Amino acid sequence: MDHHSGDADPVEADADEDAVTDADRTGAPVGRRLVLGMLGLGAGAMAAAPWLQARLESGLAAVAEKDPTGVTGYLPNGGGFRYYSVTSSVPHKDAGNYRLTVDGLVDRPTSYRLDELRALPQARLVRDVQCVTGWRVRRTPFEGVRLADLLEAAGVRGEATAVRFTCFDGAYSESLTLGQARRADVLVALRMRDKPLAHAHGGPVRLYVAPMYFYKSAKWLSGITLTDGVRPGYWEDRGYDVDAWVGRSNGRDDDPTA
Amino acid sequence: MTSTPGSAGRTDATMTPPPDTAPRTAAGTAARPRLLRFTPAERWVHRVTAVLMGLCVVSAACLYVPELAELVGRRALVVTVHTWSGILTPAPVLLGLASRAFRADLGRLNRFGPHDRRWLRAALRRDHRPESRPAGKFNAGQKLWAAYLAGAVLVMTGTGVLMWFTGLAPLVWRTSATFVHDWLALFLGLVLLGHIGKALADPEARRGMRTGRVDPRWAAREHPLWRPEGPRSPQGAEDTGHSGPAGEPRP
């Protein structure tokens, strides 16, 4: 404080004079009302969100189908997949350099090339994709080799109880119990939407775990290792549920996808 | 942008600055003291808020825009940057409350007088003549922006916290919070662009936020009803006709 510290309260003492000299010292407290109004709007939007979101999603989906610009893809809930990667960059692999290894507690450790995977019997599933962050893509075809077939070919040993998946992005990992891994709706996917799996979607090969949240469907799959216990994956180390059934985990109640 | 000797005299004749902003310095019309608009505390509040907001927006874009997400990756790191810059965004303003000058300016931003109504009406008519845009230290547009931003930041922080600490509230709240957070982010981004655009268009306003002081002619044109408190410059202190610094921290 300076020499004014002797005043009882400089602001109060000057109030009358300021009323004359400073136009912004009087008037209605509209600013405060606007801030409170914004808070009210926010709370109202929270309350109306389930209803609003359903309307917007169907509305935007209809617009997106006829949207040549693709702008709708950038709007919240505009539909479609979102690209998530946990590393700075992901190498590109193709038929020339892609390998998928199956090892760990197996009788016959194996390494598959892309054309070898393509030569195996293929299964096609058409289910919804549900991300744990909320977005859902309806009726998305995935096609590939049943994981159960690869496990069968490698000869799972008796002490194995779980499967660990590693990825050629160098960081991501996932896991399933052996029982989950043997389900018929778990694929080593080579195709999505009836096209070869693109790099942005985890190509050339990704895991596809139809009944679980999409973080279980590890992209850029490069390793399948049989283990004697479930080892939590990348996001599971960061708080996500290991058993990620859609609608029955992560505190969510989405419609099941399988 | 300081006035050159000679031009100052002429401008004085044609413009009518508010009586107590007319400079009467030792050097007469040769030097025009720049007006104190923002104290260091206020400028630091603005600076730190801008940095945090910038981090928040850039990290949000890297999480949300597919092309950027693909380019940047590193999702766990980007999430950390976003959540922490986000939750800290209100902090500079809260700390700024310790500054009397900052509190006084919040008071000015809060109050809407008849001149603000005139300003808004002129803005809606796209009437850019200074005489139809009366404003105090802050014009009505700046007041609306401040209130909108304050409210929006609070809503974004609140919904962000609900998404961050998943155990805080039932799931339906979290889904709703995501919905509100996503859409408000879009509208917040738009008005932020507007704010930056307005600043880019007015170098003197930027100088005021950067150095704390503005050209009195700019102040008389853009903020004719503003009565700066405190000394406009050391030698101008004795000339201040009215109440004086009112506790304004000296620069």
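Chain A is the first sequence line, chain B the second, and so forth, proteins listed ahead of strands; every chain is numbered from 1. Just so it is clear, the model here is predicted, and its values are computed rather than measured.
Residue-environment remark: CZ (A/R191) exceeds the threshold of 12 foreign heavy atoms within 6.0 Å. The environment of CH2 in B/W84 is sparse: at most 12 heavy-atom neighbours from other residues, nucleotides or ligands sit within 6.0 Å. Shown here is B/R103, whose CZ atom has more than 12 heavy atoms of other residues, nucleotides or ligands within 6.0 Å.
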Please set out all donor-acceptor pairs under 3.5 angstrom arising from side-chain atoms of residues 241-248 of chain A, sequence neighbours excluded.
from	atom 1	to	atom 2	distance (Å)
A/D241	OD2	A/N250	N	2.5
A/D243	OD1	A/Q180	NE2	2.8

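B/F112 CZ to A/R33 CZ: the interatomic distance, rounded to the nearest 0.5 Å, is 10.0 Å. B/W173 CH2 to A/M46 CE: the interatomic distance, rounded to the nearest 0.5 Å, is 6.0 Å. Of the inter-residue distances, the one linking B/L109 atom CG with A/L34 atom CG reads 11.5 Å to the nearest 0.5 angstrom.
Put simply, of B/P134, B/A76, B/G107, B/A150, the one with the most heavy-atom pairs under 4.5 Å next to chain A is B/A76. Contact tally against chain B (heavy-atom pairs below 4.5 Å) for A/G239, A/A28, A/A49: the top residue is A/A28. Your options are A/P29, A/A45, A/A43, and the one with the most heavy-atom pairs under 4.5 Å with chain B is A/P29.
In terms of heavy-atom proximity, A/V35 sits nearest to B/A147 at CG2-O, 3.5 Å. When all heavy atoms of A/M38 and B/L184 are compared, the closest pair comes out as CE-CD1, 4.4 Å.
Both the backbone and the side chain of A/L52 have a heavy atom closer than 4.5 Å to some heavy atom of chain B. For chain A, no part of B/A146 is nearby; none of its heavy atoms comes within less than 4.5 Å.
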Walk me through it: do A/Y234 and B/R75 pass the test side chain to side chain contact (heavy atoms under 4.5 Å, CB included)?
CA-CA 11 Å; A/Y234 183 90; B/R75 206 161 179 86; over 6 Å; no

B/L154 and A/L39: side chain to side chain contact (heavy atoms under 4.5 Å, CB included), yes or no, with the steps?
CA-CA 7 Å; B/L154 288 176; A/L39 291 178; 3.6 Å; yes

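Legend: residues meeting side-chain hydrogen bond (donor to acceptor under 3.5 Å, both in side chains) with A/Y172, ordered by chain and number and at least two apart, are absent.
A salt bridge (charged side-chain N to carboxylate O under 4.0 Å, His left out) with A/D24 is found for exactly one of B/R111, B/K137, B/K143, namely B/K143.
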